[in-house]
Engineer: 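Supplied in structure tokens, the structure appears directly below.
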Amino acid sequence: MSAVLAPRSELVAIGLSDVDEVLSIERALYAFPWTRGNFVDSISSGYNVWGYRVGGELVGYFVLMLAVDEAHLLNIGVVEQQQGMGFGARLLSHALLVAQQAGATSVLLEVRPSNAKALALYRHFGFEQIGVRQGYYPAAQGREDALVLRRALGRLSA
């Protein structure tokens with residue numbers, strides 16, 4: 001009888017040496033991906049950039065910007081073949097924890113109305129729509145609006 005060990009999985013801070021992996025996922029996921037410069041600038045500016053690795057392979061990431069008492073989830077992505085397996089939820093949970101630990105009282109994000117999977121995840125986590133940014137995203141035929149979502153965070157006790 002032999003035991004099958006699951007590959008090690010872990011949340012890791014993303015650094016400049018990981019940008020190629022992140023960029024590969026980003027380009028596979030989105031028709032209008034972030035550029036290398038976007039990720040390098042985010043990391044260099046001290047934004048919280050985290051990834052999820054399974055067996056050493058990067059399967060997802062997020063970029064979170066903190067400003068005073070508010071956090072802004074700028075980007076999140078999970079390898080398409082790994083979607084629906086809980087990695088997005090783990091990443092989003094960690095982003096909310098990072099924001100809360102930094103003293104943020106809420107998290108904001110933008111999402112395409114056409115991104116049903118992401119909308120379902122965000123709503124499951126208690127995000128509520130607070131606005132619309134007209135023509136925010138580039139699209140195949142012009143521009144697409146962004147739904148602005150917000151989730152309040154509770155205070156951590158000392």
Engineer: For V19 and I43, which heavy atoms make the closest approach, and how far apart are they?
Structural biologist: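 Where V19 meets I43 most closely, the heavy atoms are CG2-CD1, 3.7 Å.
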
Engineer: Grab the two heavy atoms, one from S42 and one from W34, that are nearest each other, plus how far apart they are.
Structural biologist: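 Heavy-atom minimum between the residues: OG-CZ3, 3.6 Å.
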
Engineer: Show the atom names and distances, to 0.1 Å, of all donor-acceptor pairs under 3.5 Å that link a side chain in residues 78-90 to residues at least two apart or in another chain.
Structural biologist:
residue: Q83; atom: OE1; partner: K117; partner atom: NZ; Å: 3.2
residue: Q83; atom: NE2; partner: V78; partner atom: O; Å: 2.9

Engineer: List the steps, then state whether side chain to side chain contact (heavy atoms under 4.5 Å, CB included) holds for L66 with N48.
Structural biologist: CA-CA 8 Å; L66 298 165; N48 285 275; 3.3 Å; yes

Engineer: Run the salt-bridge test on E128 and R150 with the 4.0 Å N-O cut-off and return the result as yes or no.
Structural biologist: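 Salt bridge between E128 and R150, a charged N being under 4.0 Å from a carboxylate O: no.
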
Engineer: Is R112 salt-bridged to E144, going by a charged N under 4.0 Å from an acidic O?
Structural biologist: yes

Engineer: Any chance you could pull the hydrophobic cluster mates of V68, using side-chain heavy atoms under 4.5 angstrom and chaining through other members?
Structural biologist: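 Taking Ile, Leu, Val, Met, Phe, Trp and Tyr as members, V68 stands alone, with no cluster partners.
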
Engineer: Without swapping roles, check the side chain of R151 against the backbone of F127 for a donor-acceptor pair under 3.5 Å.
Structural biologist: no

Engineer: Check for a donor-acceptor pair, side chain of Y137 on one end and backbone N or O of E110 on the other, with a separation under 3.5 Å.
Structural biologist: yes

Engineer: How far apart are the closest heavy atoms of S9 and V54, and which atoms are they?
Structural biologist: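 Looking at all heavy atoms of both residues, the shortest contact is CB-CG2, 4.0 Å.
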
Engineer: At what distance, to the nearest 0.5 angstrom, does CG of L121 lie from CZ of F125?
Structural biologist: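 Rounded to the nearest 0.5 Å, the CG-CZ separation comes out at 5.5 Å.
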
Engineer: May I ask you to test the F62-H94 pair for a side-chain heavy-atom distance under 4.5 Å?
Structural biologist: yes

Engineer: Where do L23 and T35 come nearest, in terms of heavy atoms and distance?
Structural biologist: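 Shortest heavy-atom contact: CD1-C, 4.0 Å.
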
Engineer: I'd like to know whether V111 forms a side chain to side chain contact (heavy atoms under 4.5 Å, CB included) with L147, so could you lay out the CA-CA distance, the side-chain angles of the two residues, the decisive distance to 0.1 Å, and finally the verdict.
Structural biologist: CA-CA 5 Å; V111 61; L147 303 180; 4.1 Å; yes

Engineer: With the side chain counted from C-beta on, respond yes when V63 and I76 share a heavy-atom pair under 4.5 Å apart, and no when they do not.
Structural biologist: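 They are not in contact (no side-chain heavy atoms under 4.5 Å apart), so the answer is no.
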
Engineer: Determine whether V12 and D18 satisfy the following criterion, side chain to side chain contact (heavy atoms under 4.5 Å, CB included), listing intermediate values before the conclusion.
Structural biologist: CA-CA 10 Å; V12 295; D18 302 305; 6.0 Å; no

Engineer: Work out which heavy atom in G77 is nearest to a heavy atom in L29; give both atom names and the distance.
Structural biologist: CA-CD1, 3.8 Å

Engineer: For A71 and A99, work out which heavy atoms get closest and say how close.
Structural biologist: CB-CB, 3.6 Å

Engineer: Report yes if some heavy atom in the side chain of Q100 is under 4.5 Å from a heavy atom in the side chain of L96; otherwise report no.
Structural biologist: no

Engineer: Which is it for V132 and V148 under the side chain to side chain contact (heavy atoms under 4.5 Å, CB included) test, yes or no, and what are the steps along the way?
Structural biologist: CA-CA 6 Å; V132 175; V148 181; over 6 Å; no

Engineer: Just verifying a value: how many Å separate D69 CG and S106 OG, rounded to the nearest 0.5 Å?
Structural biologist: 6.5 Å

Engineer: Would you mind checking if D41 and R36 are paired as a salt bridge, meaning a charged N to carboxylate O distance below 4.0 Å?
Structural biologist: no

Engineer: Atom CZ of R53 and atom CG of L58: how far apart are they, to the nearest 0.5 Å?
Structural biologist: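 Answer for the CZ-CG pair, R53 versus L58, is 5.0 Å.
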
Engineer: Hey, what do you get for CE (M65) to CG (L108), rounding to the nearest 0.5 Å?
Structural biologist: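 Taking CE in M65 and CG in L108, the distance rounds to 9.0 Å.
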
Engineer: Do Y61 and E26 have a side chain donor and acceptor closer than 3.5 Å?
Structural biologist: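 Judged by distance alone, the side chains do pair up.
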
Engineer: To the closest 0.5 Å, what do you measure between NE2 (H72) and CG (L64)?
Structural biologist: 9.5 Å

Engineer: Can you get from Y30 to Y136 by hopping between Ile, Leu, Val, Met, Phe, Trp and Tyr side chains that sit under 4.5 Å apart?
Structural biologist: no

Engineer: Please report the interatomic distance CH2(W50) to CD1(I14), rounded to the nearest 0.5 Å.
Structural biologist: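 Between atom CH2 of W50 and atom CD1 of I14 there are 9.5 Å.
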
Engineer: Counting only heavy atoms not in E57 (residues, nucleotides, ligands), do more than 12 fall under 6.0 Å from its CD?
Structural biologist: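 Counting neighbours around CD of E57, 12 or fewer heavy atoms of other residues, nucleotides or ligands fall under 6.0 Å, so no.
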
